[in-house]
Novice: 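Shown below is the structure under consideration.
As the structure lists them, so they are numbered: ligands from 1, and atoms in each ligand from 1.
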Amino acid sequence: MKREKIKDLLLSPAPGDAILAMGWVKTRRDSKDFSFIELNDGSCLSNLQVIADHSLKNFDVIRTITTGSSIKVHGILSLSKGAGQKYEVQAKEIEILDPAPDTFPLQKKRHTDEFLRSIAHLRSRTNKYSAVFRIRSELSFAIHQFFNDRGFFYIHTPIITGSDCEGAGEMFRVSTLNPHEPMKPDDSGKLNFSEDFFGKEAKLTVSGQLSAEMLALGLGDVYTFGPTFRAENSNTSRHMAEFWMLEPEMAFCDLQGNMDMAQALMKSLTRHILEKCSEDMDLFFKFVDTGLKATLENLLASEFIRLPYGEAVSILQKQANKFEFPVEFGKDLQSEHERFLAESHFKKPVIVFDYPKTIKPFYMRVNDDHQTVAAMDILVPGIGEIIGGSQREERLPVLLSRMEEMGLNQKDYWWYIDSRRFGSVPHSGFGLGFERMMMFLTGIRNIRDVIPFPRTPKSLEF
Ligand code: 4AD
Ligand code: MG
């Protein structure tokens, strides 16, 4: 007999069938002649109620089944007499696959997020985290669906790289050199990587963008979606050393088109999750953030505000006493500023654009004022920056002078520069932090709680 998933059993058109279910016991309660087991197999939030009566040959053993044990149940799907659920199972045979001792840490009570982080390998056995991981899966799918529907090509950009896309120098080095044998400098006194695996210095990528641009400049519309690494030593609730980023890149597209696409994406992903994950989302509406539903509905209903960076600075300067960090034209916005704009001032997503060139990477297109670049960040309530993007500098002389200004070695970027030599075109793209989108959708406010095994400074368990 084939095992069926609880999700499918609960959607059965009619009762009466003999079924086989397997899963983990959430709880057991007993009456004189019956035991009631709440069984979950991860396929959905709902448990399947299994009813064992005293006629079962191992009834005594069944009455010892503990929370966390794995079991196998043959039975008959029947209409449930109790409220809440349509079906239950009248057990014909219950086999214990592996009993869990009472040291199983997830007994039926509420645990703190901090505690659960310390047993992240067991988090998928809880209601909240299994819901998070199911939504993560659906959100990935929604991303592919969104771009596939629009004729984008899904490309794979390298994880190991020789160039620093964002120019912030926050990269992890990849090396096979023996750490016990110090590297010898070359004749000019520079570190000599010729003995290393790639014969040059290699890093984990901070963004797939530069490679994505090369493919957009041949395929038109592309996106890359994969793990990204940042050696920022910041222990915040919205940064990790390893996170997932979605990066679309579009040829023949300017900053306005880029903003339009980003807004359409955020709305579409939100709508998709509300529709497809309604059972899991109800848990977050009820137990994580009671204002979440309104926030998401507000996003669907609203046009995002489009606000030049200069105007953002003016708005923030009027509230300077509210902030820990100063606001000044030419300084990057801090998370408190971003959140103020989206959460308190506009109360909806805000796209800040035309940032000063001094605080942005070399590849962003210089505006006619020569002071700002065609950059855009999307800020959302509760999180702050969720998307960062720009129109790219397609003019060769301007790109070269920007690289020089920023002290980048043209030799390291010869292939990138090449793309501006042979049929260069205006193009744009952005990066959506996948975990930040997960935070936005679930109301969870610590990024460590929306990824199975978070990687942060001084933390590499699991
Ligand atoms: O703004 P960022 O640095 O932009 C880029 O990397 C561009 N190359 C993207 C592009 O245009 N193709 O990062 C993009 C997004 C941020 O808005 C944020 O949501 C997320 O990635 N992000 C992080 N998420 C978690 N942990 C970190 N350390 C993150 N750093 C950035
Ligand atoms: Mg950014």
Novice: What atoms of ligand 1 come closer than 4.0 angstrom to any heavy atom of M245?
Specialist: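 So the atoms of ligand 1 that pass are 6 (O), 13 (O), 14 (C), 15 (C), 21 (O).
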Novice: What's the verdict on ring-ring contact (aromatic ring centres under 6.0 Å, His included) for H427 and F252, showing C-alpha distance, side-chain angles and the deciding distance?
Specialist: CA-CA 5 Å; H427 60 287; F252 316 107; 9.2 Å; no
Novice: Starting from the C-alpha separation in whole Å, work towards a yes-or-no answer on side-chain contact (heavy atoms from CB on, under 4.5 Å) for R117 and R123.
Specialist: CA-CA 8 Å; R117 238 171 268 147; R123 287 197 296 190; 3.8 Å; yes
Novice: Among all protein heavy atoms in this structure, tell me which lies nearest to atom 26 (N) of ligand 1, with the distance rounded to 0.1 Å.
Specialist: M240 N, 3.0 Å
Novice: Checking a contact table here: which protein heavy atom is nearest atom 12 (N) of ligand 1, and how many Å away?
Specialist: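 Protein heavy atom at minimum distance: E247 OE2, 2.7 Å.
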Novice: Tell me whether V206 has any N or O atom under 3.5 angstrom from an N or O of ligand 1.
Specialist: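 No.
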Novice: Hey, does Y363 sit under 4.0 Å from ligand 1 if you only count heavy atoms?
Specialist: yes
Novice: For I387, counting its heavy atoms only, list the atoms of ligand 1 lying under 4.0 Å from any of them.
Specialist: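 The list of qualifying atoms is 17 (O).
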Novice: Just checking N233: does its CG atom have more than 12 heavy atoms from other residues, nucleotides or ligands closer to it than 6.0 angstrom?
Specialist: no
Novice: Please test E201 against K203 for salt bridge (charged side-chain N to carboxylate O under 4.0 Å, His left out), starting from the C-alpha separation and ending with a verdict.
Specialist: CA-CA 7 Å; E201 191 173 13; K203 308 284 184 68; 3.7 Å; yes
Novice: At what distance is the nearest protein heavy atom to atom 22 (N) of ligand 1, and which residue and atom is it?
Specialist: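 For this ligand atom, the closest protein heavy atom is F243 CE1, 3.4 Å.
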Novice: Note the single closest protein heavy atom to atom 28 (N) of ligand 1, along with its residue, its atom name and the distance in Å.
Specialist: E232 OE2, 2.7 Å
Novice: With nothing but distance in play, are any N or O atoms of G389 less than 3.5 Å from an N or O of ligand 1?
Specialist: no
Novice: Give the atoms of ligand 1, by number and element, whose distance to some non-hydrogen atom of S207 is under 4.0 Å.
Specialist: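 Matching atoms, with element in brackets: 6 (O), 8 (N).
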Novice: The test is salt bridge (charged side-chain N to carboxylate O under 4.0 Å, His left out); show your working for R306 and D354 and say whether it passes.
Specialist: CA-CA 10 Å; R306 299 188 181 194; D354 289 352; over 6 Å; no
Novice: Find all atoms of ligand 1 within a distance of less than 4.0 Å from any non-hydrogen atom belonging to G388, and give their numbers and elements.
Specialist: 1 (O), 9 (C), 10 (C), 11 (O), 17 (O)
Novice: Report the nearest protein non-hydrogen atom to atom 4 (O) of ligand 1: residue, atom name, distance rounded to 0.1 Å.
Specialist: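 Its nearest protein heavy-atom neighbour is E166 OE1, 3.9 Å.
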Novice: Could you tell me whether E405 and K357 make a salt bridge, using a distance below 4.0 angstrom between a side-chain N and a carboxylate O?
Specialist: yes
Novice: For E404, I'd like to know if atom CD has over 12 heavy atoms of other residues, nucleotides or ligands within 6.0 Å.
Specialist: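 Counting neighbours around CD of E404, 12 or fewer heavy atoms of other residues, nucleotides or ligands fall under 6.0 Å, so no.
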Novice: Would you mind listing which atoms of ligand 1 come within a distance below 4.0 Å of any non-hydrogen atom of R392?
Specialist: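 Here the atoms of ligand 1 in question are 10 (C), 11 (O), 12 (N).
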Novice: Looking only at protein heavy atoms, identify the closest one to atom 15 (C) of ligand 1 and say how far it is in Å.
Specialist: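 Atom 15 (C) of ligand 1 sits closest to the protein heavy atom G431 O, 3.6 Å.
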Novice: Counting only nitrogen or oxygen atoms and a 3.5 angstrom limit, does E249 reach ligand 1?
Specialist: no
Novice: Starting from the C-alpha separation in whole Å, work towards a yes-or-no answer on side-chain contact (heavy atoms from CB on, under 4.5 Å) for Q85 and S46.
Specialist: CA-CA 9 Å; Q85 212 152 85; S46 295; 3.8 Å; yes
Novice: Give a yes/no on ligand 1: does R238 have at least one heavy atom closer than 4.0 angstrom to it?
Specialist: yes
Novice: Pick one of side chain, backbone, both or neither for how R436 approaches ligand 1, counting any non-hydrogen atom pair under 4.0 Å.
Specialist: side chain
Novice: Does the side chain of R125 come under 3.5 Å of the side chain of Y129 through a donor N or O and an acceptor N or O?
Specialist: no
Novice: Among the protein atoms near the Mg ion (ligand 2), how many are N, O or S and lie under 2.8 Å away?
Specialist: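 Considering protein N, O and S only, the Mg ion (ligand 2) has 1 within range.
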Novice: For F430, which part has a heavy atom under 4.0 Å from ligand 1: side chain, backbone, both, or neither?
Specialist: backbone
Novice: Closer than 4.0 Å to some heavy atom of I447 - which atoms of ligand 1 meet that?
Specialist: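 So the answer, numbered in order with elements, is 25 (C).
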Novice: Can you confirm whether or not the ring centre of F362 sits under 6.0 Å from the ring centre of Y413?
Specialist: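 That pair passes the under 6.0 Å test.
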Novice: Could you tell me whether R421 and D418 make a salt bridge, using a distance below 4.0 angstrom between a side-chain N and a carboxylate O?
Specialist: yes
Novice: Does the residue E435 have a heavy-atom contact with ligand 1, meaning some pair of atoms that are separated by less than 4.0 Å?
Specialist: no
Novice: Yes or no on side-chain contact (heavy atoms from CB on, under 4.5 Å) for L441 and F284, after CA distance, side-chain angles and deciding distance?
Specialist: CA-CA 9 Å; L441 290 171; F284 298 100; over 6 Å; no
Novice: Could a heavy atom of E170 be found less than 4.0 Å from some atom of ligand 1?
Specialist: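 No; E170 lies far enough from ligand 1 that no heavy-atom distance drops under 4.0 Å.
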Novice: Please assess R392 against E249 for the test salt bridge (charged side-chain N to carboxylate O under 4.0 Å, His left out), listing each intermediate value before the final yes or no.
Specialist: CA-CA 10 Å; R392 319 306 189 189; E249 192 68 36; 2.8 Å; yes
Novice: Show your working on side-chain contact (heavy atoms from CB on, under 4.5 Å) between D449 and V132 and close with a plain yes or no.
Specialist: CA-CA 8 Å; D449 297 338; V132 167; over 6 Å; no
Novice: Please list the nearest protein heavy atom to atom 16 (C) of ligand 1 with its residue and the distance rounded to 0.1 Å.
Specialist: E385 OE2, 3.2 Å
Novice: For F172, does its backbone N or O pair with a side-chain atom of R230 as donor and acceptor, under 3.5 Å?
Specialist: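 No; zero donor-acceptor contacts below 3.5 Å.
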Novice: Answer with yes or no after comparing the ring centroid distance for F146 and H272 against a 6.0 Å cut-off, counting only values under it.
Specialist: no
